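Below is one structure. I have some questions about it.
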2 protein chains.
Amino acid sequence: MKYAQATNYALHTMVYLASISPDSLVGVRLLAELQSVSTTYLSKILTKLAKEDLVSSSPGVNGGYRLARSADSITFLDIIEAVEGRQAILTCQLAGVEKEEACVIQQKMEVGEQQLKSYLAGITILEIVEELDESVKSFLLKHQR
Amino acid sequence: MKYAQATNYALHTMVYLASISPDSLVGVRLLAELQSVSTTYLSKILTKLAKEDLVSSSPGVNGGYRLARSADSITFLDIIEAVEGRQAILTCQLAGVEKEEACVIQQKMEVGEQQLKSYLAGITILEIVEELDESVKSFLLKHQR
DNA sequence: CTAATTATAGACATTAAGACTCTTTAATTA
DNA sequence: TAATTAAAGAGTCTTAATGTCTATAATTAG
């Protein structure tokens with residue numbers, strides 16, 4: 001079980017946005033360079049984040065992205081679900097014997113998944129930024145516009 | 001994030017093995033019928049479980065599979081890792097800025113993953129069998145050899 | 001007003017993984 | 001010896017992930 005690479009990009013992008021400048025706009029080109037990924041591909045991911053209202057965007061000269069909300073109100077769960085979707089970790093088709101009743105296996109998995117979600121919902125982008133190494137922070141701050 | 005369908009088959013197969021008969025051998029054909037999956041495909045999954053010493057197998061007439069250990073010593077985590085592998089849920093390539101230090105994002109994910117693993121390691125096959133509905137149990141018992 | 005810049009969207013290509021099937025081989029037992 | 005059953009390998013098919021390329025729309029600098 002592994003998250004998509006896109007989820008990794010999304011998490012880093014949000015941390016970078018919060019770190020470089022929580023308020024002013026940051027272009028996708030810089031965000032892509034920081035992660036060695038193409039601008040077009042990262043754009044797709046950012047569009048997903050925008051649709052879930054995690055970032056806001058502005059086109060045009062000096063346009064770009066910024067956090068749509070305060071960094072302490074955006075959690076890992078928000079970001080992961082925006083990119084991965086909200087499908088359950090395991091779903092039984094409930095064919096054959098267990099057709100009429102809920103699958104016990106699935107019930108157990110749901111509990112575990114809920115625990116993980118609770119944990120992820122407790123981690124904010126602000127928290128990550130605060131724990132960043134100083135050298136990383138100062139590097140990112142150099143790229144403010 | 002979703003487990004493979006094969007993981008679902010594996011979990012059900014282990015529960016069926018424990019339920020039908022913890023000691024005597026059960027052929028893959030029956031196990032496949034119960035889940036509406038082909039015998040050859042389920043065979044592959046069972047071979048993975050055998051390699052991790054979760055089931056033991058015997059070829060030949062009246063051969064088949066049985067649990068390799070007692071049902072209370074086999075956990076969801078054992079089965080899931082046997083099928084899914086043991087790759088981390090998220091790994092940063094640690095390029096660019098964060099090259100020299102561990103990625104904070106990854107560290108947070110590792111904690112969550114460890115929590116999930118602990119939960120999964122606490123759920124045994126025996127526990128599932130005990131919680132099965134009586135109608136399911138009696139249905140499965142009809143297929144003892 | 002025009003040109004440059006930037007996000008958005010769609011179509012497309014490539015790759016990898018998952019989910020199988022088919023066939024052969026090896027082991028075991030009736 | 002023949003039937004049965006697991007193991008293993010090769011191959012197929014589908015789907016999803018990971019991108020690229022191009023065109024369009026919105027915004028702003030000049």
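Here the structure is a predicted model, which is why all the values come from computation and not from measurement. Keep in mind that the numbers below use all heavy atoms, side chains included, and drop hydrogens, waters and symmetry copies. Note on naming: letters A, B, ... go to the chains in the order of the sequence lines (proteins, then strands), and numbering restarts at 1 for each one.
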Any A/S38 side-chain nitrogen or oxygen under 4.0 Å from OP1 or OP2 of D/dT20: yes

Quick one: A/Y3 OH to D/dA16 C1', roughly how many Å, whole number? 17 Å

Quick one: label B/V37 by what it contacts on the DNA or RNA (base, sugar-phosphate, nothing), any heavy atom closer than 4.0 Å. nothing

Could you check how far CD1 of A/I45 sits from C1' of D/dT20, rounded to whole Å? 14 Å

Rounded to the nearest Å, what distance is computed from the CZ atom of residue A/R66 to the P atom of nucleotide D/dT27? 13 Å

Within the pair A/Y65 and C/dT8, is there a side-chain N or O less than 4.0 Å away from OP1 or OP2? yes

Measure the distance from CD on B/Q5 to P on C/dG18 and round it to the nearest whole Å. 13 Å

Determine whether the side chains of A/Q106 and A/T91 contain a donor N or O and an acceptor N or O closer than 3.5 Å. no

State whether a side-chain donor-acceptor pair under 3.5 Å links B/E110 with B/Q114. no

Would you indicate, yes or no, if C/dT8 has its OP1 or OP2 atom less than 4.0 angstrom from a side-chain nitrogen or oxygen of A/Y41? no

Length of the CD-P vector between A/Q35 and D/dT18, whole Å: 13 Å

Closest to the 5' end of DNA chain D, once A/T39 and A/S58 are matched to their nearest nucleotides, is A/T39

Phosphate OP1/OP2 of D/dA8 contacted by B/K51 side-chain N/O (<4.0 Å): yes

For D/dA7 and B/S57 - does any side-chain N or O of the residue sit under 4.0 Å from the phosphate oxygens OP1/OP2? yes

Would you tell me whether A/D72 and A/S70 have side-chain atoms, one donor and one acceptor, within less than 3.5 Å of each other? yes

Let me know, please, whether A/V61 or A/A6 comes out on the 5' side of the other along DNA chain D by nearest nucleotide. A/A6

Let me know the distance between CG of A/L17 and P of C/dA7, rounded to the nearest Å. 11 Å

With heavy atoms under 4.0 Å as the rule, sort B/Y9 into base, sugar-phosphate or nothing. sugar-phosphate

For the residue pair A/T40 / A/S43, report whether a side-chain donor-acceptor contact shorter than 3.5 Å exists. no

For the side chain of B/R29, starting at C-beta, report the closest nucleotide among D/dG19, D/dA7, D/dT5. D/dT5

Check B/R69 against B/D53 and note the closest heavy-atom contact, atom names and distance. NE-O, 3.6 Å

Considering just the side-chain nitrogens and oxygens of A/T47, establish if one lies under 4.0 Å of OP1 or OP2 belonging to C/dT8. yes

What is the distance from CE of B/M1 to C1' of D/dA17, rounded to the nearest Å? 17 Å

Measure from the side chain of B/P59, starting at C-beta and using heavy atoms only, and say which of D/dA7, C/dA27, D/dT18 lies closest. C/dA27

Counting the atoms with a prime plus P, OP1 and OP2 as sugar-phosphate, which does A/A50 contact under 4.0 Å by heavy atoms, base, sugar-phosphate, or nothing? nothing

Side-chain donor/acceptor contact of A/K44 with base of C/dG10 under 3.5 Å: yes

In whole angstrom, give the distance that lies between atom CD of B/Q87 and atom C1' of C/dA17. 11 Å

Choose from C/dT28, C/dA19, D/dC21 the nucleotide whose nearest atom is closest to any side-chain atom of A/T40. D/dC21

Would you say the side chains of B/S135 and B/D133 form a donor-acceptor pair under 3.5 Å? yes

